[in-house]
Amino acid sequence: MTKTWAVFHDRNARLFLTAVTVSGFGTSALWLVSGVWVKDLTGSDGLAALCMLAMWAPALAGPLLGALADRVPRKRLLIGGSLLMAVLLPALLAVDGPDRVWLVLTVLFVYGAAGVVHDAAESALVAGAVPPSLLGDFNGLRMAVTEGMKLVAPLAGAGLYALQGGPGVALLDAITFVLAALLYAGLRVRETRPDPLAPPTSTGSGDEPSGRTATPPPSPSRSPTATSLPGQRTATTPKTPDDPTTPSRLRLFRRTAATPKTPGLGPTTPSRPRLFRRTAAAPKTPGLGPATTRRRTLSRRTPAGAGARHIWAHPILRPLVLAGGTTMLCAGINGALIYAVIDGLGHSPAYAGALYAAQGAGSLAVGLVSGPALRRLGERRFAAYGIALTAVAAGLRAIPSDPLALVSSAAIGAGLPCVLIAALTAVQGETPDALLGRAVATAHTLVYTPNVLGLAAGAALVELVDQRPLSALLGVAWLATAVPLFQRPASASRIASRSPSDANPA
């Protein structure tokens with residue numbers, strides 16, 4: 001817990017968390033009120049449901065929208081996006097009847113798109129502004145703050161809506177965006193802008209060349225040892241180009257791929273396969289390898305789909321993101337069963353408030369301990385234990401008991417955020433800076449979009465199947481999601497060793 005509280009001693013982390021608190025309050029309030037507002041204006045449940053869809057739909061374009069966070073300075077993007085919404089939200093003051101509902105839906109759609117860009121830019125900026133040792137703690141506290149706002153803000157928004165109507169809530173949200181922009185302006189960060197003319201992958205780590213090409217240099221001469229100075233090269237070195245034991249010649253071959261020039265190099269050279277594979281695999285797997293990979297520089301012309309390819313090729317990120325998406329799919333189904341669970345307990349629908357409060361309390365608790373848990377367990381096991389806890393709790397909802405229902409809701413609230421925190425922390429730590437915006441946005445799309453599909457599937461299933469066996473089956477299927485995360489991940493070196501020609505996992 002010491003490092004968790006150390007987050008509050010970091011200036012940038014404090015500003016980020018305060019901005020998340022302020023803007024999250026306004027967002028949660030508007031999220032609830034927008035549907036109620038449209039329902040009051042039109043009397044249509046379908047149009048009211050479209051409000052949620054309008055805010056969620058832009059997440060499908062996450063990889064494209066996230067590219068902005070890699071091509072525009074992220075601090076400037078956070079400030080500009082916040083001010084854009086502060087200017088746009090007052091347009092809802094013009095909504096005074098059913099014929100203006102289109103304006104609400106339009107603003108909410110832009111709101112959702114700005115949120116995708118905002119989340120990508122914020123997560124990418126946090127990775128460089130907050131010390132790496134505090135990333136897990138920060139993400140846990142961020143989750144706790146977000147869940148806390150979901151408990152407080154809807155009640156405040158509903159009260160303000162009763163007094164001032166929808167325009168009053170829109171103005172409140174606009175004010176929170178202005179305050180968030182001021183907080184972002186106070187960040188002390190130094191952003192590195194990638195060179196638009198740089199090759200797709202390069203490194204400035206000092207242990208590899210900064211620009212690799214297939215064309216050998218004009219002079220093949222190299223000094224006999226790796227520590228020799230350039231001035232020590234003499235005209236006599238080219239006299240032994242075919243000596244297979246010459247270390248400098250091996251280095252030249254591996255880094256320039258000048259195969260026709262080196263007939264003396266045989267397949268029995270001990271270190272050749274490993275170094276050759278590292279050279280060949282770099283353009284394909286920019287996120288694999290040791291911590292020095294974080295220093296890779298990608299071109300701004302790298303396509304938007306590079307984030308998805310990076311996640312898919314990475315042995316750590318792919319299982320975490322897939323587990324997150326599967327978890328949110330099951331969470332959507334479980335969420336659709338909530339009122340059937342309440343009916344089985346013999347309560348009115350208002351009892352959902354107590355269950356949601358218990359779930360929020362569980363999320364707050366796990367947010368405070370996620371940092372130490374990540375350091376002790378690692379991302380995979382932390383996510384796996386969280387999924388297992390959530391699955392067991394969802395299955396126990398098949399038993400009609402008030403105390404068990406409350407405990408299960410708290411357990412779901414504690415277990416569900418684990419995979420989300422683990423996946424985001426892993427993406428931040430295993431992705432090159434210039435690709436981070438697209439990778440984060442892609443991860444958010446892959447993780448959160450299945451939740452909507454789960455809600456739709458759950459709404460259909462609950463009409464066909466009784467809630468109790470459905471909850472039991474859901475718990476078993478959900479538990480299976482955690483099994484692959486308990487297995488040891490394949491490392492980059494193990495992937496590379498599978499082929500003597502190259503290490504391309506594709």
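Sequence positions, counted from 1, serve as the residue numbers for this chain. This structure is a prediction, so every number in the text was calculated from the model and none was measured.
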Spell out, as yes or no, whether a donor-acceptor pair under 3.5 Å connects the side chain of [X] to the backbone of [Y].
X	Y	value
Thr445	Ala59	yes
Asn139	Ile421	no
Arg100	Ala94	yes
Thr390	Leu416	yes
Arg11	Gly186	yes

Let's go through Tyr385 and Phe486 carefully: what are the C-alpha distance in whole Å and the side-chain angles of both, what is the deciding distance for ring pair (Phe, Tyr, Trp, His ring centres under 6.0 Å) to 0.1 Å, and is it a yes or a no? CA-CA 9 Å; Tyr385 286 131; Phe486 284 110; 5.3 Å; yes
Salt bridge check: are Asp137 and Arg142 linked by an N-O gap of less than 4.0 Å? no
Please list, one pair per line, the donor and acceptor atoms closer than 3.5 Å that link side chains of residues 324-345 to other protein atoms, with sequence neighbours excluded.
unit_1	atom_1	unit_2	atom_2	d
Thr326	OG1	Leu322	O	2.9
Thr327	OG1	Ala323	O	2.7

Taking every non-hydrogen atom, the tightest pair across [X] and [Y]:
X	Y	value
His310	Ala439	CD2-CB, 4.4 Å
Ala170	Leu92	CB-CD1, 3.9 Å
Pro319	Leu485	O-CD2, 3.9 Å
Gly140	Ser370	CA-OG, 2.9 Å
Tyr184	Lys75	O-CE, 3.4 Å
Pro58	Ala54	CD-O, 3.3 Å

Run the side chain to side chain donor-acceptor pair (under 3.5 Å) test against Glu379 and tell me which residues pass, sequence neighbours left out. none
Residue Trp312 excluded, over 12 heavy atoms near CH2 under 6.0 Å: no
Hey, could you give me the SG/CH2 distance between Cys51 and Trp37, rounded to the nearest 0.5 Å? 9.5 Å
Enter the distance from Asp119:CG to Tyr448:OH here, rounded to the nearest 0.5 Å. 8.0 Å
How about Val95 and Val101: do any of their side-chain heavy atoms sit closer than 4.5 Å? no
Flag side-chain contact, heavy atom, 4.5 Å: Val116 against His444: no
Of the options Ile79, Leu187, Asp433, which is the one that meets Arg74 in a side-chain contact (heavy atoms from CB on, under 4.5 Å)? Asp433
Side-chain atoms of residues 463-472: list all donor-acceptor pairs with protein atoms under 3.5 Å, sequence neighbours left out, distances to 0.1 Å.
unit_1	atom_1	unit_2	atom_2	d
Asp466	OD2	Arg468	N	3.2
Gln467	NE2	Arg397	O	3.2
Gln467	NE2	Ser471	OG	2.8
Ser471	OG	Gln467	O	3.0

